[in-house]
Amino acid sequence: MIDLKAARADPDAFRSALVRKGDEAARLFDELMAADAHWLELIPQVDTLRGRTKLKGKPSEDELEELRRVKVELKQLEDALTEAERERQALLDRVPNPPDVSAPDGFTEDDAVEIRRVGEPSSFDFPVSDHVDLAQAYGWIDLERGARVSGSRFVYRIGDVALLELALYRFALDRLVQKGFVPVLPPVLVREEAMYGTGFFPTDEVNIYAVERDGLFLVGTSEVSLAALHMGEILEDVPLRYAGLSTCFRREAGAAGKDTRGMFRVHQFDKVEMFVFTLAETSRDEHERLLEIEEELVQELELPYRVVNVAAGDLGASATKKYDIEAWFPGQERWREITSTSNTTDFQARRLEIRHRRSDGRLEHVHTLNGTAVTARAMIALMENFQDDGGSISVPGALHEFGAPERLGRVQSTA
RNA sequence: GGAGGGAUGACCGAGUGGCCGAAGGUGCUCGCCUGCUAAGCGAGUAGGGGCUGUUGAGGCUCCUCGAGGGUUCAAAUCCCUCUCCCUCCGCCA
């Protein structure tokens, strides 16, 4: 949630920033300011009245009578205050984090600004296949059985592709640990507080699977369980850098009919995620650093890619700024997102009550950032970019030591 | 699933109706001392809201001892509900 005091001090700045996330955001902010004004009107009244109920020692008969009168009045005001607080909180829960000035204007994927391109789209002197076709001959990706067992957008990865995918995760984890990240295998079922705290509730609730019977929710990313790892805590040592590996679950509620082919967009996938707790003054640098790491990984995987700065209106509720890396997918003949890194500043930390003590003793909310290291999408990109005309796939050297076969499929005999 | 115990400040831990926002310890901050990344001595140290004020300050006040409700003039302390944690048994990867 946003810093209410800061918003009061400069509502115009907040509003004009929030407008870039959409009219709805600005409208919610206006309502929030009105609800807050109402609350501010009530609180001193309640305070004063409460003060009059404080007595030391045993009260006299006269004082008792006076107390009873005050309490009747107080009850009404307190009820009004509770209601005002409820209204304000409901709005506070929905107002998104204002975008950073460096996030470009716009509201859609197409409004993202390309920052740079590394490598050229792969060219082939034979008709290219997408990952579905490539997997077909060897049964590497079983979509039909996935659908039969779990429904559409669920897949089995089988054989060499399973090994390749695991190698990818192990590779990313290894590189991150080298860079000082602490490896974590987090829970994937979390409580409501974790979903709320990371900003997925209430805004993005439709995309979350719920296990109603137990009041638990399946994480759409380990960002949730990693952020919540320190919920309610006062951190001694920042920055803290974690590398989480987990399965992710997404309902893809708004994505009907979109990316339905293959395993590009599925309900369940695996991801190595970076998550950082840091200080306000270093979060921008930390964000650039996360992007740098993501690029290093993609470069080691030898994938052609571009980096885009996502438009303000296309950011989630908690992000102020987001970089996506889009790899070239020959099967789709376009750049598609394979990683994403966001700076959520103090938005999540405020909801999760994660703070840090300054040397002068002052407590301050930390900043949190997240970034994808690798997901199964990177594997699809590998399959499509490194195919040969016989339908086999060469695997980048970086993955060999992590158990990936050097080549998927049989090499065509040149008879 | 069954039985029992517990939830207090950054951490540990006292506290069974007003003298408690809370002993003591640890940690942390500052100072002193000490021939030195130790020990000792002294002082300070909960969070949040509102008003006022300052701009290397503070003052007044309200809320908070897991959460919510209740009893009472008065609750960390009594009652109810919920949540969570722990121990033992059962079950189980």
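Worth knowing before you read on, the calculation uses all heavy atoms, side chains too, and leaves out hydrogens, waters and symmetry mates. In the text below, chain A, chain B and the rest are named by the order of the sequence lines, each starting its count at 1.
Remark: P of B/rG27 and CD of A/Glu233 are 20 Å apart, rounded to the nearest angstrom. Separating the CD atom of A/Glu353 from the P atom of B/rA46 is a distance of 18 Å, rounded to the nearest angstrom. Distance, A/Arg362 CZ to B/rA10 C1': 17 Å, rounded to whole Å. Distance, A/Leu235 CG to B/rG27 P: 21 Å, rounded to whole Å. When the C1' atom of B/rG68 is taken as reference, atom CD of A/Glu85 falls 14 Å away, rounded to whole Å. The interatomic distance linking A/Lys75 (NZ) with B/rG69 (P) rounds to 9 Å, in whole Å. If you take NE2 of A/His365 and P of B/rG48, they are 8 Å apart, rounded to a whole angstrom. When the C1' atom of B/rG48 is taken as reference, atom CG of A/Asp3 falls 13 Å away, rounded to whole Å.
Nearest nucleotide to the side chain of A/Arg191, out of B/rG47, B/rG49, B/rC85: B/rC85.
Going from the C1' atom of B/rC65 to that of B/rU77 covers 10 Å, rounded to whole Å. When the C1' atom is used for both B/rC33 and B/rA43, the distance is 15 Å, rounded to whole Å. If you take atom C1' in B/rG27 and the same atom in B/rC20, they sit 23 Å apart, rounded to whole Å. Using C1' as the reference atom, B/rC30 and B/rU8 are 28 Å apart when rounded to the nearest Å. Rounded to a whole angstrom, the distance from the P atom of B/rU81 to that of B/rG4 is 14 Å. Taking the P atoms as reference points, B/rA75 lies 15 Å from B/rA67, given to the whole Å. When the C1' atom is compared between B/rA74 and B/rC19, the two are found 13 Å apart, to the nearest whole Å. To the nearest whole angstrom, the two P atoms, one in B/rC84 and one in B/rG13, are 22 Å apart.
Pairing of B/rG68, defined by two Watson-Crick or G-U wobble distances under 3.5 Å, is identified with B/rC80. B/rA75: no Watson-Crick or G-U partner with both key distances under 3.5 Å is found in any strand. Shown here, B/rC36 forms no base pair; nothing in the strands shown gives a Watson-Crick or G-U wobble contact with both key distances under 3.5 Å. Judged by Watson-Crick or G-U wobble contacts below 3.5 Å, the nucleotide B/rG31 has B/rC41 as its partner. B/rC60 is paired with B/rG50 under the criterion used here, namely a Watson-Crick or G-U wobble arrangement in which both key atom distances are under 3.5 Å. When both distances must be under 3.5 Å, the Watson-Crick or G-U wobble mate of B/rC88 is B/rG2. Remark: B/rC11 base-pairs with B/rG25. Criterion, Watson-Crick or G-U wobble with two distances under 3.5 Å. When both distances must be under 3.5 Å, the Watson-Crick or G-U wobble mate of B/rC19 does not exist.
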### Task
Run the numbers on A/Met274 and A/Arg241 for side chain to side chain contact (heavy atoms under 4.5 Å, CB included), then give the verdict.
CA-CA 7 Å; A/Met274 303 179 278; A/Arg241 300 186 181 92; over 6 Å; no

### Message
Apply side chain to side chain contact (heavy atoms under 4.5 Å, CB included) to residues A/Leu226 and A/Val184 and explain how you reach the verdict.
### Response
CA-CA 8 Å; A/Leu226 290 174; A/Val184 182; 3.9 Å; yes

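Judged by the 6.0 Å and 45° rule, A/Arg334 forms no cation-pi pair with A/Phe329.
At a threshold of 4.0 angstrom between heavy atoms, the contacts of A/Arg8 are confined to the sugar-phosphate backbone, with no base atom among them. Here A/Arg355 lies in heavy-atom contact (under 4.0 Å) with sugar-phosphate atoms only.
Using a cut-off of 4.0 Å between Lys/Arg side-chain N and Asp/Glu carboxylate O, A/Asp270 and A/Arg157 are scored as salt-bridged. Under the 4.0 Å criterion applied to side-chain N and carboxylate O atoms, A/Glu364 and A/Arg362 are assigned as salt-bridge partners.
The side chain of A/Lys5 places an N or O atom within less than 4.0 Å of a non-bridging phosphate oxygen (OP1 or OP2) of B/rG49. Phosphate contact (OP1/OP2 of B/rA74, side-chain N/O of A/Lys71, threshold under 4.0 Å): present.
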Return the polar atom pairs (N/O with N/O) between nucleotides 61-66 of chain B and the protein under 3.5 Å, or none.
{"residue": "B/rC62", "atom": "O2'", "partner": "A/Asp47", "partner atom": "OD1", "Å": "3.0"}
{"residue": "B/rC62", "atom": "O2'", "partner": "A/Arg50", "partner atom": "NH1", "Å": "3.1"}
{"residue": "B/rC63", "atom": "OP1", "partner": "A/Lys54", "partner atom": "NZ", "Å": "3.4"}
{"residue": "B/rC63", "atom": "OP2", "partner": "A/Lys54", "partner atom": "NZ", "Å": "3.4"}

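Under the side-chain hydrogen bond (donor to acceptor under 3.5 Å, both in side chains) criterion, A/Thr260 pairs with no residue, sequence neighbours left out. By the salt bridge (charged side-chain N to carboxylate O under 4.0 Å, His left out) test, A/Arg306 pairs with A/Glu114, A/Glu326, sequence neighbours left out.
With a 6.0 Å radius and a threshold of 12 heavy atoms from other residues, nucleotides or ligands, A/Gln89 has its CD atom above the threshold. Atom CD of A/Glu192 sits in a sparse spot, with 12 or fewer heavy atoms from other residues, nucleotides or ligands closer than 6.0 Å.
Take the nearest nucleotide of RNA chain B for A/Arg357 and for A/Leu40: the residue whose nucleotide is more 5' is A/Arg357.
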